[in-house]
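Following: one structure in structure tokens, then a few remarks.
The basis for the numbers below is simple: all heavy atoms, side chains too, and nothing from hydrogens, waters or symmetry mates. Treat the numbers as computed from the prediction; the structure is a model and nothing was measured.
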Amino acid sequence: MAWPSRALSLLFLSHFIVATADPSFMCPIVPCEREINLRLYLHQVIDGPNHNQVVTVNSGHRSWFGTTAVIDWTVTDSPEPDATIVAHAKGMQVQADLDGPGWFHYFSMVFQDPRFKGSSLAVMGQYLLEGEMAIMGGTGQFAMARGVIKYKTVVNTRRESYKELDIHALYVPRSGEKYVNNTHFLLIPEIIFVFHLLHE
């Protein structure tokens with residue numbers, strides 16, 4: 001009776017080895033993450049007829065501490081006036097540093113590009129000349145997203161600024177997406193071996 005027990009152990013070991021070598025083997029059972037990398041540009045227009053933010057709370061503090069603005073910044077494919085709009089960053093910006101300036105913002109990056117139309121990334125972090133923001137979640141194609149956005153200012157005037165965004169995120173594909181996984185065929189020799197042991 002030792003053979004069936006040994007054979008079962010070998011079968012479980014085979015599954016473990018294959019799953020370790022290729023994590024996507026488990027995708028039909030556990031949702032697997034996919035990776036996306038994008039370079040886009042965040043366009044902030046502070047003043048003028050095309051401004052895309054409005055101050056809703058003014059502060060009398062010397063550093064503007066507590067000042068709050070509602071934002072609808074555009075996300076484009078280049079730092080140019082005629083660039084294609086890929087998404088909109090919709091949210092709020094708060095001056096959250098007593099010594100100032102130290103703007104903190106949180107927004108949904110809602111995509112209108114045909115590839116990701118209607119999907120979004122939830123983003124928050126400090127708004128500096130250069131730094132990082134956290135991706136805290138997502139919707140649509142970017143469900144359960146997590147990651148980071150590294151940014152740096154490439155254009156900065158009194159009226160507007162462009163920030164270069166290097167977006168790196170992991171997300172769970174929607175259930176309708178197909179998985180192509182050939183690692184199952186790696187188990188055939190092991191299964192044949194186990195059946196051979198069981199019938200000896």
Side-chain angles (χ1 to χ4, degrees), residues 19-20 22-46 50-57 68-80 83-97 102-155 160-181 183:
T20 304
D22 183 3
S24 66
F25 176 77
M26 296 297 292
C27 285
I29 304 170
V30 179
C32 289
E33 292 180 320
R34 293 187 182 177
E35 182 179 7
I36 187 168
N37 293 284
L38 299 170
R39 172 165 290 179
L40 299 171
Y41 295 85
L42 187 66
H43 187 203
Q44 175 191 21
V45 184
I46 301 169
N50 297 317
H51 66 278
N52 54 18
Q53 65 177 55
V54 173
V55 174
T56 55
V57 178
T68 304
V70 176
I71 63 174
D72 187 9
W73 299 334
T74 53
V75 181
T76 62
D77 61 357
S78 69
E80 304 293 338
T84 300
I85 297 176
V86 177
H88 283 263
K90 299 174 178 288
M92 301 187 76
Q93 185 180 37
V94 180
Q95 210 301 79
D97 191 330
W103 292 94
F104 172 84
H105 60 242
Y106 45 96
F107 59 79
S108 288
M109 186 181 293
V110 183
F111 286 83
Q112 65 181 54
D113 179 271
R115 295 172 298 171
F116 313 119
K117 188 175 179 64
S119 300
S120 69
L121 294 172
V123 180
M124 71 168 54
Q126 286 187 293
Y127 194 67
L128 309 170
L129 290 176
E130 185 173 351
E132 295 185 356
M133 298 179 282
I135 298 172
M136 308 297 292
T139 65
Q141 292 191 44
F142 301 131
M144 300 175 66
R146 60 187 177 88
V148 67
I149 299 176
K150 295 183 178 181
Y151 67 87
K152 63 180 179 181
T153 304
V154 293
V155 175
E160 66 178 349
S161 73
Y162 280 95
K163 283 183 166 51
E164 182 181 272
L165 308 178
D166 282 324
I167 302 170
H168 173 66
L170 298 172
Y171 66 98
V172 176
R174 292 184 296 185
S175 58
E177 294 188 23
K178 301 295 183 181
Y179 292 95
V180 178
N181 193 345
T183 55

Query raised in the report: For the atom pair CH2 (Trp73) and NZ (Lys90), what is the distance rounded to the nearest 0.5 Å?
Result: 13.0 Å
Query raised in the report: Distance-only, no hydrogens or angles: does the Asn52 side chain make a donor-acceptor pair with backbone N or O of His43 under 3.5 Å?
Result: yes
Requested in this report: For Thr68 and Thr56, test the side chains for any donor-to-acceptor distance below 3.5 angstrom and give the result as yes or no.
Outcome: no
Query raised in the report: Given the rule in the side chain to side chain contact (heavy atoms under 4.5 Å, CB included) test, do Glu164 and Tyr41 qualify, once you have shown the distances and angles that lead to the verdict?
Result: CA-CA 5 Å; Glu164 182 181 272; Tyr41 295 85; 3.1 Å; yes
**Report entry** Check against side chain to side chain contact (heavy atoms under 4.5 Å, CB included), Met133 and Leu165
**Finding:** CA-CA 10 Å; Met133 298 179 282; Leu165 308 178; 4.0 Å; yes
Report summary line: Heavy-atom closest pair (Phe111 atom, Leu40 atom, distance to 0.1 Å) is CE2-CD1, 4.2 Å
Requested in this report: Look at the side chain of Asp77 and the backbone N and O of Thr84, then say whether any donor-acceptor pair between them is shorter than 3.5 Å.
Outcome: yes
Requested in this report: Locate the shortest heavy-atom distance separating Gln95 from Gly102; write the atom from each residue and the value.
Outcome: OE1-N, 2.9 Å
Query raised in the report: What's the spacing between Gln112 CD and His88 NE2 if we round to 0.5 Å?
Result: 4.5 Å
**Report entry** Under 3.5 Å: donor-acceptor pair, side chain of Thr139, backbone of Ser120
**Finding:** yes
Report task. Please examine the side chains of Ile46 and Gln53, heavy atoms only from C-beta on, and report whether any two atoms are closer than 4.5 Å. Result -> yes
Requested in this report: For the pair Ser119 (side chain) and Gln141 (backbone), establish whether a donor and an acceptor sit closer than 3.5 Å, ignoring hydrogens and angles.
Outcome: yes
Report task. For Arg146 and Ile135, run side chain to side chain contact (heavy atoms under 4.5 Å, CB included): C-alpha distance rounded to whole Å, both residues' side-chain angles, the deciding distance at 0.1 Å, then the answer. Result -> CA-CA 5 Å; Arg146 60 187 177 88; Ile135 298 172; 5.7 Å; no
Query raised in the report: Which atom names give the shortest non-hydrogen contact between Ser161 and Tyr127, and what distance separates them?
Result: OG-OH, 3.6 Å
Query raised in the report: In Å, rounded to the nearest 0.5 Å, how long is the span from NE2 of His105 to CE of Met92?
Result: 13.0 Å
Report task. Could you pull out the closest heavy-atom pair between Leu129 and Lys163, with the gap in Å? Result -> O-CE, 4.4 Å
**Report entry** side chain to side chain contact (heavy atoms under 4.5 Å, CB included) between Tyr151 and Leu42, worked out
**Finding:** CA-CA 9 Å; Tyr151 67 87; Leu42 187 66; over 6 Å; no
Requested in this report: Mind telling me whether Phe142 and Phe116 have parallel, tilted or perpendicular rings, with 30° and 60° as the class edges?
Outcome: tilted
**Report entry** Nearest atoms (heavy-atom pairs only) where Ser78 meets Tyr162
**Finding:** O-CE2, 4.2 Å
**Report entry** For Leu121, the option from Ile149, Leu38, Ile167, Val110 that meets side-chain contact (heavy atoms from CB on, under 4.5 Å)
**Finding:** Ile167
**Report entry** Crowding at CD, Gln126 (>12 non-hydrogen neighbours, <6.0 Å)
**Finding:** no
Requested in this report: Would you please test His168 and Glu35 for side-chain hydrogen bond (donor to acceptor under 3.5 Å, both in side chains) and show each step?
Outcome: CA-CA 7 Å; His168 173 66; Glu35 182 179 7; 3.2 Å; yes
